[in-house]
Amino acid sequence: MKFICNATSKSADIQYTVEISAVASSACACYEDKINFNNLCKQGCPNFSHKWSCPPYAPQYGDFALKWKNLYIIFMYADMVQFAYIQNDYLKIKAANSMLKSRADRFIQEMAKLHGGCISTGSCRRCKPCKCKLDMPCAHPELMTYSYEALGINVGQMIEDYFHKPLLWYKKHCLPQYTSVVCGILTNDSLSEDYLQASYKKYIIH
């Protein structure tokens, strides 16, 4: 399913797309490569071993998703041409990603309360700093969220297979055509397309 939304601010009216694909949660186990993605995180991410939601502490996808039958993969993206009012390309990406992540995380957290669990757009941001940095246990283990990458999932391949679009990344002096976020809802319930779209509008579009 696919629907178009608008995010309005003082500076612009940004249009973005929300696509959702319903699959059996076990179907995404084929994208799991935990050892490889743990190594990638170790080499390139400052959160490695500094957040309880990140490698090497994050579980593997197959174990984490085991108790849920269904996964609703959510792919949200916005064309970067709409951010021309921002002069700096890096700040354009930062603004676009912040807009998408805040809406995605709000939606999946509300849906998780009703239907089961979720996979977030990035590392858990509930506590600042994460208690891991203080050598303390997680303060809210029942609320901690994991990203697909932390669970060892090859997100790029998964998105191409289900949505037929590549993930594009910002490179210095090279702004991508669009930027995107990926998250998910894990549940034993069957959620209809009408219900998902209505729920998104209820929690996000005011």
Side-chain angles (χ1 to χ4, degrees), residues 1-28 53 61 64-83 85 92-128 139-151 153 155 158-159 161-165 167 178-206:
M1 66 175 293
K2 177 192 292 189
F3 53 94
I4 307 298
C5 298
N6 288 290
T8 302
S9 70
K10 294 180 180 179
S11 302
D13 185 16
I14 304 297
Q15 188 177 87
Y16 64 97
T17 302
V18 179
E19 294 195 49
I20 304 177
S21 182
V23 302
S25 62
S26 58
C28 287
S53 63
Y61 173 83
F64 179 71
L66 188 62
K67 62 182 178 180
W68 291 291
K69 294 188 299 184
N70 303 315
L71 170 65
Y72 294 84
I73 306 169
I74 303 168
F75 178 44
M76 298 169 54
Y77 52 93
D79 286 343
M80 292 308 302
V81 69
Q82 300 176 95
F83 294 86
Y85 65 94
K92 291 177 184 178
I93 285 289
K94 190 173 181 180
N97 284 341
S98 177
M99 181 268 292
L100 292 172
K101 284 185 176 183
S102 63
R103 285 160 174 77
D105 285 341
R106 196 186 323 159
F107 176 54
I108 61 172
Q109 287 167 12
E110 292 294 339
M111 296 299 283
K113 292 176 187 177
L114 296 172
H115 298 289
C118 64
I119 299 175
S120 64
T121 59
S123 62
C124 186
R125 297 181 286 275
R126 189 163 295 276
C127 302
K128 294 183 179 180
H140 303 286
E142 75 286 357
L143 299 175
M144 181 167 52
T145 57
Y146 303 100
S147 67
Y148 285 105
E149 293 89 346
L151 297 170
I153 293 293
V155 182
M158 182 180 71
I159 292 304
D161 288 348
Y162 284 108
F163 300 100
H164 311 295
K165 288 177 74 73
L167 293 182
Y178 57 85
T179 191
S180 59
V181 298
V182 184
C183 55
I185 302 166
L186 283 161
T187 180
N188 289 319
D189 301 331
S190 294
L191 310 179
S192 70
E193 291 187 1
D194 288 344
Y195 173 74
L196 286 165
Q197 185 169 349
S199 296
Y200 187 87
K201 291 180 178 180
K202 175 182 177 181
Y203 295 122
I204 306 302
I205 303 173
H206 304 290

Centroid separation Phe64 to Trp68 less than 6.0 Å: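 Yes; Trp68 has its ring centre under 6.0 Å from that of Phe64.
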Under the ring pair (Phe, Tyr, Trp, His ring centres under 6.0 Å) definition, can you give me all pairs with a residue in residues 94-114, not counting sequence neighbours?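 Every ring pair (Phe, Tyr, Trp, His ring centres under 6.0 Å) pair that includes a residue of residues 94-114, provided the two are not neighbours, is Phe107-Tyr200.
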With distance as the sole test, does [X] use its side chain to make a donor-acceptor pair with the main-chain N or O of [Y] at under 3.5 Å?
X      : Y      : answer
Ser147 : Gly122 : no
Ser199 : Tyr195 : yes
Ser98  : Ala95  : no

Using the test ring pair (Phe, Tyr, Trp, His ring centres under 6.0 Å), find all partners of Tyr77 that sit at least two apart in sequence or belong to another chain.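 Ring pair (Phe, Tyr, Trp, His ring centres under 6.0 Å) check on Tyr77 returns Phe75, Tyr178.
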When you compare the side chain of [Y] with that of [X], does any pair of heavy atoms fall below 4.5 Å?
X     : Y      : value
Ser53 : Thr145 : no
Ile93 : Met80  : yes
Met76 : Arg103 : yes
Tyr61 : Ile119 : yes
Ile14 : Asn6   : no

Applying side-chain contact (heavy atoms from CB on, under 4.5 Å), run through Cys5 and Ile204 and close with a yes or a no. CA-CA 10 Å; Cys5 298; Ile204 306 302; over 6 Å; no
For Lys165, does the NZ atom sit with more than 12 other heavy atoms under 6.0 Å from it, leaving out its own atoms?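 Count over threshold, so yes.
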Which value, rounded to the nearest 0.5 Å, describes the distance between Tyr162 atom OH and Leu71 atom CG?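 That separation rounds to 8.0 Å.
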Could you tabulate the donor-acceptor pairs under 3.5 Å formed by side-chain atoms of residues 182-189, not counting sequence neighbours?
from, atom 1, to, atom 2, distance (Å)
Thr187, OG1, His115, O, 2.6
Thr187, OG1, Asp189, N, 2.8
Asn188, OD1, Lys69, N, 2.8
Asn188, ND2, Lys67, O, 3.2
Asp189, OD2, His115, ND1, 2.8

Give a yes-or-no answer on whether the side chains of Asn70 and Ser25 include a donor-acceptor pair shorter than 3.5 Å.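 The answer is no; no qualifying pair exists.
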Give the C-alpha distance, both sets of side-chain angles, the deciding distance and a yes or no for side-chain contact (heavy atoms from CB on, under 4.5 Å) between Glu19 and Met1. CA-CA 6 Å; Glu19 294 195 49; Met1 66 175 293; over 6 Å; no
Considering all heavy atoms of both residues, which atom of Ser180 and which atom of Leu100 are nearest to each other, and what is their separation?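 What the structure gives for the nearest pair is CA-CD1, 4.1 Å.
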